[in-house]
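Here is the structure we will look at, set down as structure tokens.
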There are 2 protein chains.
Amino acid sequence: MAARPTMKDVARAAGVSLMTVSRVVAGETGVAPQTAARVEEAIRALGYQRNDIARNLRRKAQDSRTIGLVVDDLANPFFSALARSVEDEAYRRGFLVLVGSTNDDPRRERDVVSAFSARQVDGLVLVPTGGNRPFFRAQMARGVKVVCVDRPATGLDVDCVAVDNRAGTATAVRHLLDRGHSRIAYLGDRQEIWTQRERYAGYEQAMAAAGLAVDPALVRHGLRGVPEAAKAIGELMDAPNPPTAVFSGNDLVTLGAVDAGASRRFALVGFDDFLLADKLDPPISVVSQDPAALGRTAAQLLFGRIDGDDAAARSVVLATRFIDRGSGGDAVGPPLPGGRAVYQAAE
Amino acid sequence: MAARPTMKDVARAAGVSLMTVSRVVAGETGVAPQTAARVEEAIRALGYQRNDIARNLRRKAQDSRTIGLVVDDLANPFFSALARSVEDEAYRRGFLVLVGSTNDDPRRERDVVSAFSARQVDGLVLVPTGGNRPFFRAQMARGVKVVCVDRPATGLDVDCVAVDNRAGTATAVRHLLDRGHSRIAYLGDRQEIWTQRERYAGYEQAMAAAGLAVDPALVRHGLRGVPEAAKAIGELMDAPNPPTAVFSGNDLVTLGAVDAGASRRFALVGFDDFLLADKLDPPISVVSQDPAALGRTAAQLLFGRIDGDDAAARSVVLATRFIDRGSGGDAVGPPLPGGRAVYQAAE
DNA sequence: GTGAAAGCGCTAACAG
DNA sequence: CTGTTAGCGCTTTCAC
């Protein structure tokens with residue numbers, strides 16, 4: 001309840017001028033040890049703590065030493081791992097991190113970024129929704145540095161850190177093709193999300209390279225969350241001519257497929273690794289990426305920009321890794337060695 | 001690169017006084033529509049955005065509309081789910097959230113909270129490490145509201161939201177006892193963490209109630225992370241007189257046990273539910289708590305305090321739920337119905 | 001070494 | 001309806 005004491009209060013208590021207190025608090029040299037001691041004493045007695053907000057208002061280098069981190073959903077393990085590594089990089093440099101989730105809603109994204117910007121953030125690590133391009137351009141014109149991560153903001157001239165979603169997906173689909181599958185379903189999240197478009201493109205590309213047409217009946221976009229994905233898989237599998245294999249476009253969709261797979265059998269490969277994927281029966285093969293590395297790299301780029309790096313926008317592509325755990329199944333033939341009950345094609 | 005335009009710039013551009021711009025920006029009534037329009041136009045032309053930091057410095061209600069959220073590890077799904085719900089509550093009220101992870105290190109906790117406080121946060125949602133009590137008392141004296149979540153800060157007179165760890169654990173251990181186990185191991189994280197002490201107390205209590213002595217050889221504390229936990233389990237099981245059942249004190253330890261369980265058989269019940277626990281073989285029984293509810297409740301309490309609620313400190317205890325999925329095994333007897341390979345006692 | 005004055009960008013409290 | 005003055009808590013600049 002007590003009002004926070006100010007430098008003025010400390011100055012009065014120590015019997016010196018406000019300016020002397022400022023110097024002591026800022027750790028400047030040129031204050032007599034005795035005076036400094038008196039000031040320190042008053043600071044302790046009053047419980048004074050510097051107001052960094054007022055400080056930054058007046059300082060020449062008008063930086064707030066705060067960055068904003070805007071992700072789709074902080075509760076999603078992928079984004080929280082990314083967030084943690086951004087936070088670590090910021091902590092190392094004495095920066096603070098404001099966080100916000102967008103839920104992939106451009107309106108909320110705008111709200112959040114507006115508020116961050118009004119708080120004078122020095123920069124933004126952004127997992128962009130589809131919209132708000134002109135708005136971001138305006139922010140950048142005002143001096144806010146922006147780095148995109150996970151997805152680029154097309155049409156915005158900023159640094160971006162992401163993985164090669166297309167190639168990663170093509171590899172995974174090729175893995176299914178190599179095991180004899182030809183009716184391969186694609187299930188993904190909303191196509192408005194760049195990663196989802198890229199992954200679908202990778203799927204199309206791998207199918208085309210194998211001389212196979214994509215059957216539109218086997219493609220489902222717009223799956224938000226596990227239950228929706230599970231339901232979609234169920235419908236696909238219950239339809240007349242079901243797929244023998246499924247490629248899932250993100251971790252949540254994969255989990256939905258695992259859910260649906262308990263009562264049905266099909267080969268499954270998904271984008272994004274997840275905890276316990278190796279402990280399932282069968283263990284799930286995935287295209288894995290490293291969210292912590294994405295966050296770390298994005299933060300490093302951002303701090304470089306804040307420190308004055310004004311080279312042309314960079315695009316960093318991190319590697320994906322295909323992890324074959326066996327759930328790719330075989331379209332025809334006996335169960336996998338080891339006798340495990342694989343999500344295996346029925347025909 | 002361009003300096004951010006200020007109200008002064010807008011005033012000049014619109015040919016009005018600074019005060020008129022202030023009124024328009026604040027959305028106050030009592031400005032002639034024509035004048036307002038001229039100002040709006042200037043704002044648009046210059047890309048002006050209000051500096052909320054300068055604003056808060058002068059406003060009567062000296063609130064920054066920012067709270068700090070301090071957790072053990074933002075990358076941990078438990079804390080990230082909690083964080084998301086805190087953020088949602090803040091967003092609804094137009095508050096911003098600064099985040100920081102402590103890694104359970106009091107020094108980092110202090111660093112982070114200091115920096116938050118210097119930024120004039122109105123309040124703190126805190127998953128406290130063991131230390132820094134006097135420091136927090138000083139913060140509160142300065143008017144920073146504090147609410148603890150997941151763990152209380154003993155000796156600090158603040159609101160706290162947590163679950164009944166002791167009772168939840170006792171229930172789980174009783175479940176193992178009921179199924180005939182008597183050599184039940186306890187594996188947990190560092191005892192400096194309140195939840196871990198409580199859970200161990202629940203274990204002791206349930207054992208004592210069953211008239212069983214705790215065998216110190218079956219107790220391991222201080223397990224940080226999955227690999228350490230897996231290693232500890234391995235050692236326990238390879239020792240002369242191994243346990244037939246394991247209680248694990250948090251999600252990471254449970255995952256370590258699952259890892260170790262692939263090559264060994266023992267009953268297992270853990271604190272904290274986790275994704276895919278129901279999809280493992282056997283499905284893992286757990287004491288579950290709701291991190292989102294913890295975060296939401298803590299945030300609501302905090303905003304109540306910020307809004308002036310000065311009632312005595314409240315302690316909210318949320319329910320845990322024991323979810324029996326079968327991994328409790330039977331100390332003696334046939335595999336569980338359904339023929340699943342249960343982590344079952346060997347003897 | 002120390003202090004007085006000015007001002008960062010904004011709003012409160014008054015005038016007109 | 002609009003403008004002037006003062007000042008939030010601090011740092012800059014320039015005196016002494």
Side-chain angles (χ1 to χ4, degrees), chain A residues 2-40 42-43 46-65 115 117-122 142-143, chain B residues 2-40 42-43 46-65 115 117-122 142-143:
Chain A
R4 318 191 184 196
T6 72
M7 274 193 183
K8 215 163 156 183
D9 301 322
V10 175
R12 188 168 16 232
V16 295
S17 85
L18 197 160
M19 209 35 233
T20 301
V21 179
S22 172
R23 285 195 255 261
V24 172
V25 171
E28 281 177 29
T29 58
V31 178
Q34 291 211 7
T35 324
R38 277 223 315 291
V39 171
E40 305 269 21
I43 287 175
L46 295 178
Y48 170 77
Q49 187 176 18
R50 180 173 62 199
N51 181 336
D52 275 354
I53 283 188
R55 171 171 217 239
N56 287 329
L57 191 58
R58 189 63 179 88
R59 268 156 60 93
K60 195 75 254 168
Q62 284 250 52
D63 56 338
S64 62
R65 299 191 76 76
S117 173
R119 287 311 212 305
Q120 312 300 106
V121 293
D122 298 328
R142 299 179 60 245
Chain B
R4 316 190 188 198
T6 73
M7 273 193 184
K8 215 162 155 184
D9 301 322
V10 176
R12 189 171 13 235
V16 297
S17 86
L18 199 161
M19 206 41 226
T20 301
V21 178
S22 172
R23 285 195 254 260
V24 171
V25 171
E28 280 176 30
T29 57
V31 177
Q34 290 210 9
T35 323
R38 276 225 315 291
V39 172
E40 305 269 22
I43 287 175
L46 295 177
Y48 170 77
Q49 185 176 19
R50 179 172 63 197
N51 181 337
D52 275 353
I53 283 188
R55 170 171 216 237
N56 287 329
L57 191 58
R58 190 62 180 93
R59 269 157 57 97
K60 195 73 255 166
Q62 282 253 50
D63 56 338
S64 63
R65 300 190 76 76
S117 173
R119 285 315 212 302
Q120 312 301 104
V121 293
D122 298 327
R142 299 178 60 246

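The sequence lines fix the lettering, A, B, ..., with proteins before strands; numbering per chain opens at 1.
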Separation of atom OH in B/Tyr48 from atom P in C/dG9, rounded to whole Å
10 Å
A/Arg119 versus B/Ile53, closest heavy-atom pair with distance
O-CD1, 3.3 Å
Strand-adjacent residues in residues 14-31 of chain A, judged by heavy atoms under 4.0 Å from DNA chain D:
A/Leu18, A/Met19, A/Ser22
Under 4.0 Å between a side-chain N or O of B/Arg55 and OP1 or OP2 of C/dT11?
yes
Please compare A/Asp52 and B/Ala36 by the position of their nearest nucleotide in DNA chain D and report the one closer to 5'.
B/Ala36
How long is the line joining CE of A/Met7 and P of C/dG3, in whole Å?
14 Å
Quick one: which of C/dT2, D/dC8, D/dT11 gets closest to the side chain of A/Thr35?
C/dT2
Between atom NZ in A/Lys8 and atom P in D/dC10, what is the gap in whole Å?
11 Å
Could you state the interatomic distance from CG (A/Leu57) to CG (B/Asn56), rounded to the nearest 0.5 Å?
11.0 Å
Sequence neighbours excluded and cut-off under 3.5 Å, please list the side-chain donor-acceptor pairs for residues 7-17 of chain B, or say none.
residue	atom	partner	partner atom	Å
B/Asp9	OD1	B/Arg12	NH2	3.2
B/Asp9	OD2	B/Thr6	N	2.8
B/Ser17	OG	B/Met19	N	3.2
B/Ser17	OG	B/Thr20	N	3.4

Residue pair A/Ser64 / A/Val121: nearest heavy atoms and the distance that separates them:
OG-CA, 3.6 Å
Which heavy atom of A/Pro5 sits nearest a heavy atom of A/Leu46, and at what distance?
CG-O, 3.5 Å
Measure from CD on B/Gln34 to C1' on D/dT2 and round the result to the nearest Å.
14 Å
Side chain to side chain contact (heavy atoms under 4.5 Å, CB included) with A/Val25: which of A/Gln49, A/Arg50, A/Arg55?
A/Arg50
Could you state the CD-C1' distance from B/Gln120 to D/dC10, rounded to the nearest angstrom?
11 Å
If you fit an axis to the five pairs at each end of the helix from C/dG1-D/dC16 to C/dG16-D/dC1, how big is the angle between those two axes, to 10 degrees?
40°
Rounding to a whole Å, what distance do you find between B/Arg58:CZ and C/dG7:C1'?
14 Å
A/Arg4 atom CZ is separated from D/dC8 atom P, nearest whole Å, by 16 Å
I'd like to know if the side chain of A/Asp63 and the backbone of A/Arg65 have a donor-acceptor N/O pair within less than 3.5 Å.
no
Taken to the nearest whole Å, CZ/A/Arg119 to C1'/C/dG9 is 15 Å
Nearest to the B/Ala32 side chain among D/dT2, C/dT2, D/dC10, which nucleotide is it?
D/dT2
In Å and rounded to the nearest 0.5 Å, what is the CZ to CZ distance from B/Arg142 to A/Arg4?
5.0 Å
Of the listed nucleotides (D/dT2, C/dA6, C/dG9), which one gets closest to any side-chain atom of B/Asn51?
C/dG9
